[in-house]
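The basis for the numbers below is simple: all heavy atoms, side chains too, and nothing from hydrogens, waters or symmetry mates. Quick caveat: nothing in here was measured; it's all calculated off a predicted structure. A note on names: the letters A, B, ... follow the listed sequences, proteins ahead of strands, and every chain is numbered from 1.
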Amino acid sequence: MDIKTTLGNAIEEAARLAIADGVFPEGEMAKVSLEVPPKKEFGDFSTNFAMQSAKVFHMNPRKIAEELAGRIKGDWLERTEIAGPGFLNFYLKSNVLYDSFRKIFEAGEAYGQLPAKDTARIQVEYVSANPTGLLHVGHGRGAAAGSALVNLLRAAGYPVVSEYYINDAGNQMDHLAMSVNARYLELLGKTVQFPEDGYRGADIIDTAKRIIKRDGDKYLAMDETERLSIFKDLAYQEKLAALKEDLEAFHVTFDEWFSERTLHPEAIREVVETLRESGNIYEEGGALWLKSTAYGDDKDRVVIRDNGVPTYLAADIAYHRNKFQRGFGKLINIWGADHHGYVCRVKAAMSALGYDASRLEVLLLQMVSLYRGGELVKMSKRTGESVTLNELMEEVGTDAARYFFLMRSLDSQLDFDLDLAKTQSNENPVYYIQYAHARICSIQRQVEEIGLGLSDSPRLELLTDETETDLIKKIEEYTEEVDRAAAEYAPQRIARYAYDISSLFHSFYNKCRIMGVERELAEARLALVSVAAHVIRHSLGILGVSAPEKM
RNA sequence: GCGGUUGUAGCUCAGCAGGAUAGAGCAACUGCCUCCUAAGCAGUAGGUCGGGCGUUCGAAUCGCCCCAAUCGCACCA
């Protein structure tokens with residue numbers, strides 16, 4: 001049992017004793033919550049239990065605290081103090097710190113991975129950009145957030161799989177084919193009118209060029225319908241391959257790639273039929289409408305257009321039903337904030353199908369605005385002026401880009417200053433973290449040369465400097481931080497943690513030396529920095545940021 | 001007009017399952033390399049937590065109203 005649980009139990013036990021002694025009234029007790037206080041002077045742990053109990057016990061919180069303090073016992077406890085309006089501050093015996101740190105040291109590489117949680121599988125769907133062009137920086141943020149969330153949930157012990165939904169069935173695929181077709185004809189000297197809804201990005205021209213390079217002008221002679229059909233397929237394959245490649249370069253991989261086409265027409269027809277049978281569909285103006293207002297939506301939504309073609313929503317309903325049918329207990333979708341209007345109707349559809357809509361969690365990622373030379377860079381697929389994820393990776397590097405995306409909360413808008421990120425100055429905190437890791441690796445290399453190595457049983461109690469105990473405490477908080485960050489779907493907490501632990505290491509590094517001190521102390525310090533390096537590596541791993549051994 | 005998100009130091013942002021004197025980086029200023037990587041450390045300065053009202057022993061954190069920014073409000077995806 002860890003010390004926090006032990007302490008929590010001791011507090012509850014003290015409260016029960018006080019009730020038995022007739023000091024506190026019988027009845028419900030407040031919940032005990034323990035936290036690491038904001039200041040070191042306030043001890044190792046503190047609780048607001050006395051204040052929370054003031055109302056239930058109808059007593060002065062400081063009086064409650066006094067009664068509790070006298071009843072909390074344990075050989076791990078140095079002393080208890082009452083402070084402020086009624087905080088109980090606990091100061092633990094120093095061996096508690098070293099005993100738990102020894103366990104972490106002995107766990108080695110396993111530290112940071114929490115035991116498997118016995119919960120239903122979670123699916124995380126993210127990016128899901130149309131295979132019609134290049135990924136831009138907005139997708140990059142989604143890719144970073146989604147992959148980090150998956151890593152985080154895994155570290156916290158949740159069973160989780162990731163999925164990419166390929167929108168390969170709608171109009172946009174026809175627009176893609178027409179765009180490639182137009183570029184193809186242009187490149188072969190024909191005069192064509194570029195399609196109004198076409199994609200004007202340079203990547204489309206590249207696709208056309210590649211087709212020409214490989215197959216020449218052999219498609220010219222074809223009937224346009226046939227040519228479009230071939231180009232649709234060729235362009236699709238190429239775009240999808242490019243997506244995968246770019247994502248992998250960005251440290252993003254998926255367990256599943258789900259094609260929307262597999263839902264057409266059968267799955268969609270089926271789900272619409274199911275909804276019709278349960279009375280959730282009606283016809284009006286030649287179209288089929290989902291009665292989503294019955295489930296909290298602002299208005300009803302068309303699922304089958306008057307021309308018989310299903311809407312995007314219809315496919316999405318079939319898709320999400322399919323997810324539930326695959327047995328996931330929780331569905332997490334990461335969508336751009338510009339899709340937020342969509343959340344309600346998809347949830348409404350799930351409710352209409354009889355699923356618990358709260359099992360579908362949509363995380364909305366706020367927009368990314370790019371600035372270059374102090375000017376806002378407009379992002380538009382159509383104009384082809386958007387900055388792609390690839391360009392971003394080239395300019396600032398994968399690690400810096402990922403960390404920038406992940407260091408702020410998902411629901412705050414992000415101003416990405418390209419010039420600033422490009423300078424690769426120390427303004428970029430990712431270097432600070434990586435530098436801490438590289439420094440430790442450097443020490444490990446040099447220590448090896450002078451015949452010093454990691455001991456099996458270092459004398460950890462020699463680590464008494466404040467920078468050492470601060471670092472130990474931070475390391476001991478890691479698993480709890482992982483657990484909480486996962487529960488909150490908040491990878492930015494890990495970004496923060498990685499920065500904080502690096503900062504504590506740098507302080508230690510400037511104050512304490514490893515080489516040139518007495519052997520036992522050197523071995524203890526080596527154990528400390530080795531664990532620190534592991535935790536930095538582990539947290540960077542969650543973020544999908546590399547941990548270099550040299551810089 | 002309706003809805004989502006945001007508003008915290010000069011700038012970029014953490015903190016928000018209510019708690020003790022609101023934190024970090026950058027920028028500014030002062031120190032620290034004969035010493036394991038100075039991409040570092042130590043320190044100084046900088047704030048009516050957008051505004052108001054409310055709930056509470058206690059509010060940056062919860063609720064309501066207002067202001068501002070932003071994204072949406074399709075038989076597009």
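For A/Tyr431, the listed nucleotide lying nearest its side chain is B/A39; candidates were B/A39, B/G40, B/G25. Looking at the side chain of A/Ser442, the nearest of the listed nucleotides B/C36, B/G72, B/A77 is B/C36. In the set B/A77, B/A14, B/C75, B/C75 carries the atom at the smallest distance from any side-chain atom of A/Trp289. Which of B/C41, B/G72, B/A74 sits closest to the side chain of A/His340 comes down to B/G72. Candidate nucleotides B/A74, B/G4, B/U56 were compared by shortest atom distance to the side chain of A/Gln366, and B/G4 ranks first. The side chain of A/Ala287 approaches B/C75 more closely than any other nucleotide in the set B/A77, B/C75, B/G15. Ranking B/C13, B/A69, B/A77 by closeness to the A/Gln172 side chain, first place goes to B/A77. Closest approach to the A/Asn510 side chain among B/C41, B/A38, B/A14 is made by B/C41 (side chain taken as heavy atoms from C-beta onward). Side chain of A/Lys39, nearest nucleotide from B/A20, B/U21, B/A77: B/U21. Of the candidates B/A14, B/A77, B/A74, the closest approach to any side-chain atom of A/Lys299 belongs to B/A74.
Nucleotides B/A59 and B/G15 are separated by 14 Å at their C1' atoms, to the nearest Å. Using atom P as the reference point in both B/G54 and B/C73, the two lie 39 Å apart (nearest Å). Spacing between B/G7 and B/U12 at atom P, rounded to whole Å, works out to 12 Å. With both ends at atom P, the span from B/U55 to B/C71 equals 37 Å, rounded to whole Å. Rounded to whole Å, the P atom of B/G4 lies 13 Å from the corresponding atom of B/C66. Here the separation of B/G31 from B/C49, taken at their P atoms, is 34 Å to the nearest Å. Remark: the separation of the C1' atoms in B/C26 and B/U21 is 25 Å, to the nearest Å. On the P atoms, B/G50 is 13 Å away from B/A14, given to the nearest whole Å.
Both tests hold for A/Arg79 against A/Tyr91: distance to the six-membered ring centre under 6.0 Å, angle to the ring axis within 45°. A cation-pi arrangement is present between A/Arg439 and A/Tyr509 under the rule of less than 6.0 angstrom and at most 45 degrees off the ring axis. Cation-pi check for A/Arg301 over A/Tyr342 is not met; the charged atom does not lie both under 6.0 angstrom from the ring centroid and within 45 degrees of its normal.
The residue among A/Asp300 and A/Leu414 whose nearest nucleotide of RNA chain B lies closer to the 5′ end is A/Leu414.
When rounded to the nearest whole Å, the span between OH of A/Tyr499 and P of B/G23 equals 16 Å. If you measure from atom CZ of A/Arg345 to atom P of B/G72, you get 13 Å, rounded to the nearest angstrom. Atom P of nucleotide B/C13 and atom CZ of A/Arg141 are separated by 10 Å, given to the nearest angstrom. The distance between atom CD1 of A/Ile433 and atom P of B/G25, rounded to the nearest whole Å, is 13 Å. For the pair A/Asp411 CG and B/G7 C1', the interatomic distance rounds to 13 Å; values are reported in whole Å. Straight-line distance from the CZ atom of A/Phe49 to the P atom of B/G58: 21 Å, rounded to whole Å. In this structure, A/His264 atom NE2 and B/A77 atom P are separated by 9 Å, rounded to whole Å.
Atom CD of A/Glu549 sits in a sparse spot, with 12 or fewer heavy atoms from other residues, nucleotides or ligands closer than 6.0 Å. Heavy atoms from other residues, nucleotides or ligands lying under 6.0 Å from CD of A/Glu488 number more than 12. In the displayed structure, A/Glu466 atom CD is contacted under 6.0 Å by at most 12 heavy atoms of other residues, nucleotides or ligands. Environment of NZ in A/Lys63: sparse, with no more than 12 heavy atoms of neighbouring residues, nucleotides or ligands closer than 6.0 Å.
Phosphate proximity of B/A38 to A/Arg439: present, with a side-chain N or O under 4.0 Å from OP1 or OP2. At least one side-chain nitrogen or oxygen of A/Tyr432 sits closer than 4.0 Å to the OP1 or OP2 atom of B/C41. Listed pair A/Ser507 / B/A42 meets the phosphate criterion, a side-chain N or O lying under 4.0 Å from OP1 or OP2. In this model, the phosphate group of B/G7 is not approached by any side-chain N or O of A/Gln413 to a distance below 4.0 Å at OP1 or OP2. Phosphate contact (OP1/OP2 of B/C35, side-chain N/O of A/Lys511, threshold under 4.0 Å): absent. Regarding contacts with the backbone of B/A14, a side-chain N or O of A/Ser409 is found under 4.0 angstrom from either OP1 or OP2.
As judged by a 4.0 angstrom heavy-atom cut-off over every strand, A/Glu449 is placed among residues making no nucleic acid contact. Across all strands, A/Ala54 comes closer than 4.0 Å to no nucleic acid atom at all (heavy-atom distances). Among the heavy atoms of the strands lying under 4.0 Å from A/Met551 is at least one base atom, whether or not backbone atoms are also near. Base engagement by A/Gly285 is indicated by at least one non-hydrogen atom pair under 4.0 Å involving a base atom. In this structure, A/Gln434 reaches neither bases nor backbone, as no heavy-atom distance under 4.0 Å exists between it and the strands shown. A/Gln446 comes within 4.0 angstrom of sugar-phosphate atoms only, judged by non-hydrogen atoms across all strands, and of no base. Across all strands, A/Arg408 comes closer than 4.0 Å only to sugar-phosphate atoms, never to a base (heavy-atom distances). Nucleic acid contact class of A/Arg484 (heavy atoms, under 4.0 Å, all strands): base. Using a 4.0 Å heavy-atom cutoff across all strands shown, A/Asn48 reaches at least one base atom of the nucleic acid. A/Ser412 comes within 4.0 angstrom of sugar-phosphate atoms only, judged by non-hydrogen atoms across all strands, and of no base. If you check every strand for non-hydrogen atoms under 4.0 Å, A/Asp297 touches nothing. Residue A/Ala436 is classed as having no contact, given no heavy-atom separation below 4.0 Å to the nucleic acid. Heavy atoms of A/Pro37 sit under 4.0 angstrom from at least one base atom. Within the 4.0 angstrom heavy-atom criterion, no nucleotide atom of any strand lies near A/Cys441.
The base of B/A20 sits with one of its N or O atoms less than 3.5 Å from a complementary donor or acceptor on the side chain of A/Asn89. The base of B/G72 lies outside donor-acceptor range of the side chain of A/His339, with no N or O pair under 3.5 Å. The base of B/A20 sits within donor-acceptor range of the side chain of A/Ser46, with an N or O pair under 3.5 Å.
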Once pairs are restricted to Watson-Crick or G-U wobble with both distances under 3.5 Å, how does RNA chain B read as a dot-bracket string, [ ] for crossings and | for other-strand pairs?
(((((((..((((.....[...)))).(((((.......))))).....(((((..]....))))))))))))....
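For B/A20, the base is stacked against the aromatic ring of A/Phe42, per a cut-off of 5.5 Å between centres and 30° between planes.
Take A/Glu35 and apply the side-chain hydrogen bond (donor to acceptor under 3.5 Å, both in side chains) test, not counting sequence neighbours, and it matches no residue.
We find the NZ-CE distance between A/Lys232 and A/Met173 to be 7.0 Å, quoted to the nearest 0.5 Å.
A/Arg345 has no carboxylate O lying under 4.0 Å from a charged side-chain N of A/Asp300, or vice versa, which leaves the two without a salt bridge.
Shown here, B/C13 is classed anti by the O4'-C1'-N9-C4 or O4'-C1'-N1-C2 angle, which is more than 90° from 0.
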